[in-house]
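Below, each value reflects all heavy atoms present in this structure, side chains not excepted, and no hydrogens, waters or symmetry copies.
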2 protein chains.
Amino acid sequence: MNRGFRGYIMVDQVTIQKQVVVQEQKLKDFCNKVWMKLGVPPQDAKITTDVLVLADLRGIESHGVARLPRYYADLKNGWTTPTNQSKIVKETKATAMIDGGQSLGQVVGHKGMQLAMKKAKETAVGIVSVRNSHHYGIAGYYSLMALEHDLIGVSMTNAAPLVVPTFGRNAVLGTNPISLTAPAGKERAFVLDMATSVVPRGKLEVYDRQGKKMPPGWAVDKTGRGTEDAHTVLDALSNRLGGGILPLGGEGEEHSGHKGYGLALMVDVLSGVLSGAATGLGVDVNKEKPNVGHFFMALDPAAFRPLDEFKRDMDRLARELKDSPKAEGQSRIYVHGEKSYARMEKFRKEGIPLGPKVVEAMKQVGTEIGVPWLG
Amino acid sequence: MNRGFRGYIMVDQVTIQKQVVVQEQKLKDFCNKVWMKLGVPPQDAKITTDVLVLADLRGIESHGVARLPRYYADLKNGWTTPTNQSKIVKETKATAMIDGGQSLGQVVGHKGMQLAMKKAKETAVGIVSVRNSHHYGIAGYYSLMALEHDLIGVSMTNAAPLVVPTFGRNAVLGTNPISLTAPAGKERAFVLDMATSVVPRGKLEVYDRQGKKMPPGWAVDKTGRGTEDAHTVLDALSNRLGGGILPLGGEGEEHSGHKGYGLALMVDVLSGVLSGAATGLGVDVNKEKPNVGHFFMALDPAAFRPLDEFKRDMDRLARELKDSPKAEGQSRIYVHGEKSYARMEKFRKEGIPLGPKVVEAMKQVGTEIGVPWLG
């Protein structure tokens, strides 16, 4: 099962065999009820649920409802405020700075992107910087919002340290994703949604469960040297012993790992430094005030040229790539977003496959809080 | 000699041994005289020269004065207009669209970035899209301009096809660079300036000259399969037989080559599609109207938070990375731009090393046009 072409987790054969298939609406109803029981207003519950379920629909399980138990715990601990406490603290016609007030990252993120889009419609471009937020789910949710308004959308966030800088031995940066979307005409929109690490943590977990050796160039051990042993890396990461995932481009400079490191750092500059959020080692989603930072941009292509011409050329470029000759043994060239759209259509029709551990954890939350699973 | 940490060419031992060392000002004087003989006004000659020589100073020889003979030929052929014919064709408070009028890419790029910065000072952000331009040299020249005004700078350009999309066998996209700069306080500014390919073409040329095998994951041959033979790849590229350089992340999806491919495509969307310039296979710098597209952005951090706080946190993040433990066998972690700043200081003091072929080609231009080499 080929699930590449976006930067998050891959499902392995083992998991698939035990999957439970759930209809989108049933899953959403369950999540909404959980949030509302915790004091989240209906409209904010809906946003939080939509972000999680969209991740599952697009095949990014690591950022889907699998995260519900963590968000649940944060709300229960009072680490996340159930009502939206975010405030615009600084604003110009084209920019805004939002303090998230420790509210749900999805609710804050949604507000940030909406504000960026409003500004883009009035001023051609809107840039919104967010601090004091939480884990906001998939970066792509927010950039995808822009497509409904024929805007180019950008979404970035910093994240807890997992990625080791080139020549380092400890994880200092997060998998800091970059997402950019651009509307097309007859073709699917361009939807780039990628972690700046070579692989997501979830991929190491798959190799660990299967007891398989990782390809070289994915991770380093606590000496900072390349390793193929996923278990050791995950163990060292959990216990903060050093080591971690490599940036896109891998170890050292031979395959330009310094470029992936640079992209991860760029995301931290735009998400963390620009907003005054936590950065680098300071980003810790497992503490009371994670102070995660986000960056949102919306840009109106019609400020530059007629929208129909922009879309026509998006189509032409996509077709040029897809129609170009294939490598031996390959039958198709993809444009970013295509695989996720196909998966979304399939899962909307056939139901969303969830791993047994994910279902178990959600059932437990449901029991604790009095919301029956798929009831 | 370690020359990584930015996305262009690496100098090999062989070249270094035969290098000619030239003082910055002498080199600039020669270039300026060549441009002016061709009808380029003094202020535009200066910009064009500055971009080329800055590339050499920063160690990106492939984009330095080595390009002078090509620009010279384009001007002589009438493919590039010596006077600046660029025009703002559409404008809002925060954005502008420039038609380059086939003028020198450096002159058009400089104008584009200056306009973006002017808008950023007035509106917090400025985005300028450029079509109908030429090869503009290093992306970093323009983003570096922003630092002088304490702005965040972004510069991107599309380029002639050299990069093969994931699962493809032909080069469709350019090495499409991304550059982003952000001002710091006591530390060096963050200067990311990277091609979105795993390596630049120049690196293949070095391996070809030395008859060395390339590491796997750099390039594919005309069947679209990985190869370690640089000569075959360069030959096939020159004769448009297929094959080419791989995007950052390498072949297929195992090391996330699709992410580098996505970044290259993103740059083409923002530089080519947004402006209505050529895109993909259409970008050809060796023809009369290359119609290259650029993207410039300037963003004022002070619109989000006090500038001194922004700079303080830039410093803190840079120090955190640099002070973090080193991998076994490594003595230093770099922040992007540091190596180039060090090289620039060295070359400004000791002179700029130029390869013998570069010097020979420039002397020939000088003879043709009546400008004595370093005279």
Name the region of A:Ala302, side chain, backbone, both or neither, that has any atom closer than 4.5 Å to a heavy atom of chain B.
-> backbone
In terms of heavy-atom proximity below 4.5 Å to chain A, should B:Ala303 be classed as side chain, backbone, both, or neither?
-> both
Would you mind telling me which of B:Arg305, B:Lys311, B:Met314 has the largest number of heavy-atom pairs within less than 4.5 Å of chain A?
-> B:Arg305
Do you know which of A:Val128, A:Val164, A:Leu265 has the most heavy-atom pairs under 4.5 Å to chain B?
-> A:Leu265
Interface residue of largest heavy-atom contact number with chain B, from A:Ile152, A:Leu180, A:Val89, under 4.5 Å | A:Leu180
Side chain / backbone / both / neither for A:Pro165 at chain B, heavy atoms under 4.5 Å | side chain
At a heavy-atom separation under 4.5 Å, does B:Leu274 approach chain A through its side chain, its backbone, both, or neither?
-> both
Distance in Å, B:Gln330 CD paired with A:Thr223 OG1, rounded so as to fall on 0.5 Å steps | 11.0 Å
If you round to the nearest 0.5 Å, how far is CG of B:Leu321 from CG of A:Asn170?
-> 11.5 Å
Is chain B contacted by the side chain of A:Ser331, its backbone, both, or neither, given a heavy-atom distance below 4.5 Å?
-> neither
Measure the spacing between CD1 of A:Ile178 and CG of B:Leu263 and express it to the nearest 0.5 Å.
-> 6.0 Å
Does B:His336 reach the main-chain N or O of A:His258 with its side chain, forming a donor-acceptor pair under 3.5 Å?
-> yes
Non-hydrogen atoms of chain A under 4.5 Å away: do they reach the side chain of B:Ala120, the backbone, both or neither?
-> neither
Determine the option with the most heavy-atom pairs under 4.5 angstrom with chain A, choosing from B:Asp313, B:Val172, B:Val198.
-> B:Val198
A:Glu253 and B:Lys339: CA distance, side-chain angles, deciding distance, salt bridge (charged side-chain N to carboxylate O under 4.0 Å, His left out) verdict | CA-CA 13 Å; A:Glu253 296 180 334; B:Lys339 285 191 180 180; 3.0 Å; yes
Tell me, side chain or backbone of B:Ile127 under 4.5 Å from chain A's heavy atoms, or both, or neither?
-> both
Checking heavy atoms, do the side chain of B:Met214, its backbone, both or neither come under 4.5 Å from chain A?
-> neither
Chain A: which of B:Gly249, B:Gly282, B:Gly168, B:Gly329 shares the most heavy-atom pairs with it under 4.5 Å?
-> B:Gly168
Residue among B:Ala182, B:Ala94, B:Pro215 with most heavy-atom pairs under 4.5 Å to chain A = B:Pro215
May I ask you to name which of A:Arg316, A:Glu320, A:Glu91 has the most heavy-atom pairs under 4.5 Å with chain B?
-> A:Glu320
Sub-4.5 Å side-chain heavy-atom contact between B:Phe310 and A:Val273 = yes
pair A:Leu192-B:Tyr261: side-chain heavy atoms closer than 4.5 Å | no
Quick one: what part of B:Glu328 sits under 4.5 Å from any heavy atom of chain A, side chain, backbone, both or neither?
-> both
Under 4.5 Å from any heavy atom of chain A - which part of B:Pro325 | both
Of B:Gly243, B:Gly276, B:Ser324, B:Gly224, the largest count of non-hydrogen pairs under 4.5 angstrom with chain A goes to B:Gly276
Residue A:Lys326 versus chain B: region with a heavy atom under 4.5 Å = both
Is chain B contacted by the side chain of A:Pro216, its backbone, both, or neither, given a heavy-atom distance below 4.5 Å?
-> backbone
Per-residue contact mode, B:Phe304 against chain A (heavy atom under 4.5 angstrom) | both
Let me know if B:Thr279 has heavy atoms under 4.5 Å from chain A in its side chain, its backbone, both or neither.
-> both
For chain B, find which of A:Lys90, A:Met97, A:Arg169 contributes the most heavy-atom pairs closer than 4.5 angstrom.
-> A:Arg169
Side chain, backbone, both or neither: which part of B:Leu246 has a non-hydrogen atom closer than 4.5 Å to chain A?
-> neither
Evaluate the side-chain proximity of B:Thr92 to A:Thr123: yes if any heavy-atom separation is below 4.5 Å, no if none is.
-> no
All salt bridge (Lys or Arg N to Asp or Glu O under 4.0 Å) counterparts of B:Glu338, not counting sequence neighbours | B:Lys322, B:Arg332
Check: B:Asp268 and A:Leu317 side chains under 4.5 Å, non-hydrogen atoms | yes
Side chain to side chain contact (heavy atoms under 4.5 Å, CB included) between B:Met297 and A:Met297, intermediate numbers included | CA-CA 12 Å; B:Met297 180 165 98; A:Met297 181 166 97; 3.9 Å; yes
When heavy-atom pairs shorter than 4.5 Å are enumerated against chain B, which of A:Lys93, A:Met266, A:Arg312 gives the highest number?
-> A:Met266
What part of B:Ala318 lies closer than 4.5 angstrom to a heavy atom of chain A: side chain, backbone, both or neither?
-> neither
CG of B:Leu248 to NE2 of A:His255: how many Å apart, nearest 0.5 Å?
-> 10.5 Å
